[in-house]
Amino acid sequence: MIKGLYEAHLPVSNLKTSIDFYKKLDLEIAYQQENLVFFWIEKGRSWLGLWETDKVKTPYHPSLRHIAFQIDRDDMLNIKRWLEERAIEVSTNFGFSPEKQPLVLPNNPQAHAAIYFKDPDGNSIELMAPLRLDVKEEFNMMTLDEWNLTKSMISTTKKHSNK
C-alpha cells in the first residue's frame, strides 16, 4: 500500500525569506497561499510544506525540525561545491565540522553519506545518499573520504586474496 513519503512540513518565520532559500536548492513551488508554500521535491511524488508560524520558536529537535533529502551517491562527491555556489554553509553535526563532511552514518545494516546545513530559521536540512544497505561489519561514524579509502582497501585486499 505505502509507496513513499508524499509530504513533510517545517515551520518558518518569514515565508519570503524561506522561499528564496529553498529555491536556491532548485526546488520548484507547487502551491502557495498567504502563510504556506509547498515545494516539489519530486514533482507529483513528494513535496515539502513551509508554514509561516510562531511555532518556529519551538526549540530544535530532529523529530520536529529536520528533513533529509535523498541525492545520488555521485552527487555527494561535489555537494560542498554545489552548496558553496548557493552561499549555503555546511553546519557541524555529530562533532563533524563542515571540513569533515560529508560523513558516513553507521545505521547498520545500512550506511548513508550525509551532509548538513540549516535553513534561515535553523531547521536542520540533510542531504543523504545510500552507500550500502547490507553492511555486515560494525563501523564508527567517519568522513566520506575515510569510507571511500576503507572500502577501496577492502576491495583491493579481496582482489589479492582471490588470486
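Counting from 1, the numbers follow the sequence of the chain as shown.
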Just by modelled atom types, is the [Y] backbone N or O under 3.5 Å from a matching donor or acceptor in the [X] side chain?
X      : Y      : answer
Asp72  : Ala129 : no
Thr143 : Glu146 : yes
Asn107 : Gln110 : no
Asp119 : Gly122 : yes
Glu52  : Leu15  : yes
Arg132 : Pro109 : no
Gln101 : Ser91  : yes
Asn123 : His66  : no

Do the side chains of [Y] and [X] get nearer than 4.5 Å, heavy atoms only?
X      : Y      : value
Thr92  : Lys100 : no
Asn140 : Pro106 : no
Leu83  : Val90  : yes
Ile79  : Pro102 : yes
Met128 : His112 : yes
Leu105 : Phe94  : yes

Whether [Y] and [X] form a salt bridge (side-chain N of Lys/Arg under 4.0 Å from carboxylate O of Asp/Glu) is what I want to check.
X     : Y     : result
Asp20 : Lys16 : yes
Arg45 : Glu7  : no
Lys80 : Glu84 : no
Asp26 : Arg86 : yes

When rounded to the nearest 0.5 angstrom, what is the spacing between [atom1] in [X] and [atom2] in [Y]?
X      : Y      : atom1 : atom2 : result
Ile115 : Trp82  : CD1   : CH2   : 10.5 Å
Lys55  : Asp121 : NZ    : CG    : 15.0 Å
Leu25  : Ile88  : CG    : CD1   : 4.5 Å
Asn148 : Leu131 : CG    : CG    : 7.5 Å
Phe38  : Gln33  : CZ    : CD    : 8.0 Å
Leu5   : Ile67  : CG    : CD1   : 7.5 Å

Transitive ILVMFWY side-chain link [X] to [Y], under 4.5 Å:
X      : Y     : value
Ile71  : Phe21 : yes
Phe69  : Leu50 : yes
Tyr116 : Leu27 : no
Trp51  : Val56 : no
Tyr6   : Val37 : no

Using every non-hydrogen atom in the two residues, find where [X] and [Y] come nearest and quote the distance to one decimal.
X      : Y      : answer
Trp40  : Ala30  : NE1-CB, 3.1 Å
Leu64  : Pro59  : CD1-O, 4.5 Å
Glu126 : Ala114 : OE2-CB, 3.4 Å

Looking at Phe39 versus Trp47, is the centre-to-centre ring distance below 6.0 Å?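 Centroid separation for Phe39 and Trp47: 6.0 Å or greater.
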
Under the side chain to side chain contact (heavy atoms under 4.5 Å, CB included) criterion, do Val135 and Phe139 qualify, and how do the steps go? CA-CA 9 Å; Val135 177; Phe139 66 94; 3.6 Å; yes

Looking at [X], I'd like to know if its [atom1] atom is crowded, meaning that more than 12 non-hydrogen atoms belonging to other residues, nucleotides or ligands lie closer than 6.0 Å.
X     : atom1 : value
Lys23 : NZ    : no
Glu89 : CD    : no
Glu34 : CD    : no

Using the side chain to side chain contact (heavy atoms under 4.5 Å, CB included) rule, take Asn108 and Glu138 through it: C-alpha gap first, then chi angles, then the decisive distance, then the call. CA-CA 7 Å; Asn108 285 26; Glu138 292 291 325; 3.5 Å; yes

Walk me through it: do Ile125 and Leu10 pass the test side chain to side chain contact (heavy atoms under 4.5 Å, CB included)? CA-CA 10 Å; Ile125 311 300; Leu10 291 174; 4.0 Å; yes

For Tyr60, does the six-membered ring have the charged nitrogen or CZ of Lys118 within the cation-pi criterion, i.e. under 6.0 angstrom from the centroid and within 45° of the normal?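 The answer is yes, since Lys118 meets both limits relative to Tyr60.
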
How far apart are the C-alpha atoms of Leu144 and Leu103, what are their side-chain angles, what is the distance that settles it, and do they pass the side chain to side chain contact (heavy atoms under 4.5 Å, CB included) test? CA-CA 5 Å; Leu144 181 58; Leu103 54 93; over 6 Å; no

